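Working notes for the structure below.
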Amino acid sequence: MNWKLILGGGLAYYITAFIVSMPGGAFIHEGILEPAYMANTEFWRPELTRDPPDMAALMPMWITVGVFTSFIFAAIYGVFRKALSGPGWQRGLKFGVAFWLIHASLMAAWSGVFNLPYEIWIWWAVDALIYTLAGSIVLGLVAEKLAPVEQ
């Protein structure tokens with residue numbers, strides 16, 4: 001377990017994914033999906049159903065969970081990156097694609113449990129694809145610098 005990779009790579013992943021998710025949030029969540037969200041308010045936290053939504057109240061939880069899970073993501077990458085070929089960015093990208101496929105598969109399974117419209121699940125998957133791939137590329141680059149793969 002390489003703590004430089006976990007902490008540095010995890011923070012790099014989180015910051016990149018967070019920045020990349022901002023335009024997606026405005027376009028997807030406040031634009032395309034707003035009608036679907038409004039039609040399914042029983043699924044959202046009370047802070048999100050206020051007018052206007054109180055997203056600032058949820059930010060501490062979102063950031064804490066996001067950073068923590070980014071460390072886990074980086075630790076898992078550290079275990080599997082030797083199995084991937086290419087330079088760091090390419091290893092990160094390959095790992096990100098694999099992770100996203102697992103994530104999208106789980107969302108497809110959850111769609112059979114949670115009665116949300118398919119457009120929500122599809123756009124959530126598109127959003128996750130964009131920020132996961134961007135974050136994974138940066139994770140691979142940072143991991144290569146902080147903890148090069150031993151041959």
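Being a predicted model, the structure only gives us computed values, none of them experimental. Only heavy atoms go into these numbers, but all of them, side chains included; no hydrogens, no water, no symmetry mates.
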Pairs touching residues 103-126 that satisfy salt bridge (charged side-chain N to carboxylate O under 4.0 Å, His left out), sequence neighbours left out: none
Hydrophobic cluster of Val138, others only, ordered by chain and residue number, side-chain cut-off 4.5 Å: Val142, Leu146
Co-members of Trp89 in a cluster of I, L, V, M, F, W and Y side chains, linked at under 4.5 Å: Leu93, Val97, Trp100, Leu101, Leu129, Leu133, Ile137, Leu141
Path from Tyr131 to Trp62 over hydrophobic side-chain contacts below 4.5 Å: yes
Connected via hydrophobic side-chain network under 4.5 Å: Val126 and Ile120: yes
Contacts of type side-chain contact (heavy atoms from CB on, under 4.5 Å), residue [X], not counting sequence neighbours:
X: Ser105; result: none
X: Phe43; result: Asn40, Phe114, Asn115, Leu116
X: Leu106; result: Ile102, Trp110
X: Val65; result: Met61, Thr69

Which heavy-atom pair separates [X] from [Y] by the least distance, and what is that distance?
X: Arg81; Y: Arg91; value: O-NH1, 2.7 Å
X: Ser85; Y: Lys94; value: OG-NZ, 2.8 Å
X: Ala56; Y: Pro60; value: O-CD, 3.4 Å

Side chains of residues 24-38: which donor-acceptor pairs under 3.5 Å do they make with residues two or more places apart or in other chains?
| from | atom 1 | to | atom 2 | distance (Å) |
| --- | --- | --- | --- | --- |
| His29 | ND1 | Tyr37 | OH | 2.6 |
| His29 | NE2 | Asp127 | OD2 | 2.9 |
| Tyr37 | OH | Trp124 | NE1 | 2.8 |

Residue list, ring pair (Phe, Tyr, Trp, His ring centres under 6.0 Å) with Tyr77, at least two apart or on another chain: Phe95
Nearest-0.5 Å distance that lies between atom CE in Met59 and atom CD in Glu47: 12.5 Å
side-chain hydrogen bond (donor to acceptor under 3.5 Å, both in side chains) involving Thr41 - partner list, sequence neighbours excluded: none
Sub-4.5 Å side-chain heavy-atom contact between Leu48 and Met55: yes
Note, Leu58 side chain near Arg45 side chain (heavy atom, < 4.5 Å): yes
Neighbour count >12 (heavy atoms, 6.0 Å) for atom CH2, Trp44: yes
Using residues 4-22 as the side-chain source, report each donor-acceptor pair under 3.5 Å to any protein atom, sequence neighbours left out, with the distance given to one decimal.
| from | atom 1 | to | atom 2 | distance (Å) |
| --- | --- | --- | --- | --- |
| Thr16 | OG1 | Ala12 | O | 2.8 |
| Ser21 | OG | Ala17 | O | 3.3 |
| Ser21 | OG | Phe18 | O | 2.8 |

Sequence-distant partners of Arg50, salt bridge (Lys or Arg N to Asp or Glu O under 4.0 Å), two or more places apart: Asp54
